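Some notes on the structure that comes next.
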Amino acid sequence: MPHDIKNYIAGEFITSTCRFDDVNPVDGSLVAVVHEADRATVDKAVQAAREALDGPWGLFSAAERAALLHKIADGIEGRFDDFVSAEIADTGKPLAQARTLDIPRGAANFRFFASLVSTSGTECFEMGTTDGAGALNYSIQKPLGVVGVISPWNLPFLLLTWKLAPAMAAGNAIVAKPSEETPASAALLAEVMHDVGIPPGVFNLVNGFGPDSAGEFLTSHRGVDAITFTGESSTGSAIMRAAADNVKALSFELGGKNAAIVFDDADLDQAIDGTVRSVFSNCGQVCLCSERVYVHESIFDEFVERLKDRAEALRMGRPEDEQTEIGPLVSIAHRDKVLSYYALAREEGADIVTGGGIPSFGDERDNGAWIEPTILTGLPESARCVREEIFGPVCHVAPFASEEQAIAMANDSAYGLAGAIWTTNLSRAHRVARQIEAGIVWVNTWYLRDLRTPFGGVKLSGIGREGGIHSLAFYSEPTNICIKL
Ligand code: NAD
């Protein structure tokens with residue numbers, strides 16, 4: 001039964017006359033009707049956030065904020081199955097993934113930043129002065145103010161909470177806008193925030209689209225002090241322009257065209273397993289997925305053959321089925337985009353090793369956004385399919401002859417988010433990893449994340465780093481206090 005997803009402002013759930021559909025990509029059924037926030041509603045949300053900063057929230061100690069963050073995590077865990085169902089209905093991702101990654105990591109984000117903020121200290125410098133008495137400098141951390149959080153649809157809950165938790169831990173007030181494709185888990189989070197007693201206005205949720213809708217109203221709003229955004233690189237540029245007028249602080253986690261390099265000394269079983277995960281997880285809709293796979297020429301044929309077998313064996317199915325390994329893409333519109341790249345690959349002269357089309361089920365899933373896992377070979381490095389982010393279950397595999405050539409091919413990209421290296425040679429692992437132009441490089445693994453580490457991208461893949469103290473640094477404004485002794 002479709003339900004209503006409302007905006008949440010100043011502690012109240014707000015309706016709107018303008019609504020849009022939230023559609024299940026598994027079979028095209030209606031999940032919910034979403035109330036779109038117009039400009040006046042976004043104004044209200046920003047105003048509520050500003051008032052919250054001037055109210056009791058502004059006086060909360062780090063320990064008090066941390067205690068509330070733990071309560072939010074408790075609230076998420078208390079409604080764990082509701083969150084899993086909401087995430088699955090919006091995205092079609094397998095139950096096993098939502099249960100083990102998306103929702104637990106969402107709760108973990110609140111616990112992690114609660115612990116971090118309650119244990120972090122400050123820097124202090126003693127300095128000499130001409131009178132010999134000296135001076136003492138220390139820093140205090142203040143919140144940035146009102147933070148706009150704009151999140152994408154691929155890992156809706158995980159990526160929203162990854163921004164929200166540190167921003168709230170640092171004492172900011174939030175206006176969040178989830179993706180129009182996946183608003184359901186954010187709406188549940190608003191209920192949790194409400195139930196655990198987050199002061200009104202500290203967390204506000206507005207629903208809508210990007211241009212000329214809630215996204216743009218928020219990013220161009222003069223009452224917003226900072227924007228933290230995850231999404232496409234071209235959207236990042238649009239937000240940068242919108243945020244320029246009042247010089248907002250920006251943190252961007254953007255697109256990728258990530259390379260994996262498989263050396264001839266790799267443990268091939270491990271490399272194949274890892275590459276299957278890094279290409280096809282979440283139907284290829286993880287910013288960190290490998291879309292370019294470079295394999296040493298001596299093992300190229302064997303690698304491609306084995307990757308093909310594994311891709312063809314992936315179990316496509318309904319998310320609730322425990323056996324399902326791969327679901328649909330997020331929407332028909334996104335499938336049209338990915339299919340246009342499959343067509344382009346043919347025009348550009350690719351060999352389609354497997355896939356390249358859409359599956360047929362003979363049931364209601366034929367109304368969904370399903371697509372075949374696809375492997376391409378034979379394209380020149382200049383091909384658009386090798387240079388542009390596709391964001392689907394697809395990779396291009398190309399051979400290389402030497403370590404230098406592999407590094408050059410991996411780095412020949414406008415993006416620089418992540419890399420994966422498969423080798424058993426320890427020296428090579430260290431030598432190559434540091435030469436890859438990316439924010440994170442995995443060796444003999446993929447998507448293994450320690451939340452204390454810096455996360456972000458270079459080139460078109462982002463601005464700044466979040467994670468651990470890097471998140472707290474972005475969401476805080478340090479003030480230096482200098483005391484003459
Ligand atoms: P998107 O850029 O289309 O949308 C992301 C969010 O921005 C949505 O909430 C959308 O409504 C909003 N938006 C769109 N245009 C806007 C505008 N002009 N002003 C303000 N808001 C606007 O991205 P998507 O399609 O939802 O997500 C997929 C993209 O996200 C891929 O490129 C992927 O690589 C990237 N991504 C990056 C990371 C990372 O950590 N680097 C993580 C996940 C996804």
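Remember, it's a predicted structure, so these values are computed and weren't measured experimentally. Remember, it's 1-based here, ligands and their atoms both numbered in the order they're listed.
Proximity of Leu417 to ligand 1, defined as any heavy-atom pair under 4.0 Å, is confined to the side chain (atoms from C-beta onward). The proximity of Ile150 to ligand 1, defined as any non-hydrogen pair under 4.0 Å, is limited to the side chain. Heavy atoms of Ile239 found under 4.0 angstrom from ligand 1 belong exclusively to the side chain.
Listed by number with element, the atoms of ligand 1 under 4.0 angstrom from any heavy atom of Leu159 are 42 (C), 43 (C). Every atom of ligand 1 with a heavy atom of Phe209 under 4.0 Å away is listed here by number and element: 11 (O). Those atoms of ligand 1 that come under 4.0 Å of a heavy atom in Glu253, given as number and element, are 37 (C), 38 (C), 39 (C), 40 (O), 41 (N). Within ligand 1, the atoms closer than 4.0 Å to a non-hydrogen atom of Phe455 are 40 (O), numbered from 1 in the order shown.
Aromatic pair Tyr294/Phe400: ring centres not closer than 6.0 Å. Aromatic rings of Phe391 and Trp153 (six-membered ring for Trp) have centroids within the 6.0 Å cut-off, being under it.
Nearest-residue assignment for atom 16 (C) of ligand 1 (options Ala242, Ala214, Gly210, Gly255; heavy-atom criterion): Gly210. Within the set Lys257, His334, Glu216, Glu389, the minimum heavy-atom distance to atom 31 (C) of ligand 1 is found for Glu389. Looking at Ser213, Pro178, Gly231 and measuring to atom 30 (O) of ligand 1, the nearest heavy atom belongs to Gly231.
For atom 27 (O) of ligand 1, the nearest protein heavy atom (residue, atom name, distance) is Pro152 CB, 3.4 Å. The protein non-hydrogen atom at the shortest distance from atom 24 (P) of ligand 1 is Trp153 NE1, 3.3 Å. For atom 39 (C) of ligand 1, the nearest non-hydrogen atom of the protein is Cys287 SG, 3.3 Å. Nearest protein heavy-atom neighbour of atom 10 (C) of ligand 1: Glu180 OE1, 3.6 Å. For atom 15 (N) of ligand 1, the nearest protein heavy atom (residue, atom name, distance) is Thr235 CG2, 3.2 Å. Among all non-hydrogen protein atoms, the one lying nearest atom 44 (C) of ligand 1 is Asn154 ND2, 3.5 Å. In terms of protein heavy-atom proximity, atom 20 (C) of ligand 1 is nearest to Gly215 C, 3.3 Å. Counting only heavy atoms of the protein, atom 37 (C) of ligand 1 lies nearest to Leu254 O, 3.0 Å.
At a threshold of 4.0 Å, the pair Asp225-Lys248 does not count as salt-bridged, since none of the basic side-chain nitrogens sits closer than that to a carboxylate oxygen. Note on Lys257 versus Glu389: no salt bridge recorded, every NZ/NE/NH1/NH2 to OD/OE distance being 4.0 Å or above. At a threshold of 4.0 Å, the pair Glu381-Arg387 does not count as salt-bridged, since none of the basic side-chain nitrogens sits closer than that to a carboxylate oxygen. Using a cut-off of 4.0 Å between Lys/Arg side-chain N and Asp/Glu carboxylate O, Glu12 and Lys44 are scored as not salt-bridged. A salt bridge links Glu364 with Arg318: at least one charged nitrogen is closer than 4.0 Å to a carboxylate oxygen.
Not a single heavy atom of Gly236 sits under 4.0 Å from any atom of ligand 1. Using a 4.0 Å heavy-atom cutoff, Gly457 is absent from the residues neighbouring ligand 1. Put simply, part of Phe229 is less than 4.0 Å from ligand 1, judged by heavy atoms. Look at Ser151 and you'll find a heavy atom under 4.0 Å from some atom of ligand 1.
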With side-chain hydrogen bond (donor to acceptor under 3.5 Å, both in side chains) as the criterion, how do Asp102 and Gln97 come out once you've worked through the C-alpha distance, each side chain's angles and the decisive distance to 0.1 Å? CA-CA 7 Å; Asp102 298 71; Gln97 184 195 314; 3.1 Å; yes

Under the side-chain contact (heavy atoms from CB on, under 4.5 Å) rule, what do Tyr475 and Asn172 come out as? Steps first, then yes or no, please. CA-CA 7 Å; Tyr475 293 109; Asn172 298 283; 3.6 Å; yes

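Side chain to side chain, Thr374 and Tyr342 meet the donor-acceptor criterion of an N or O pair below 3.5 Å. Asp4 and His35 share a donor-acceptor pair across their side chains, judged by distance under 3.5 Å alone. Using modelled atom types and a 3.5 Å distance limit, the side chains of Glu466 and Thr228 yield a donor-acceptor pair.
Nearest heavy atoms, Asn246 versus Val224: ND2-O, 3.6 Å.
Here's the thing with Ser461: none of its N/O atoms is less than 3.5 angstrom from an N/O atom of ligand 1.
Asn24 contributes no side-chain N or O that, together with a main-chain N or O of Asp90, makes up a donor-acceptor pair within less than 3.5 Å.
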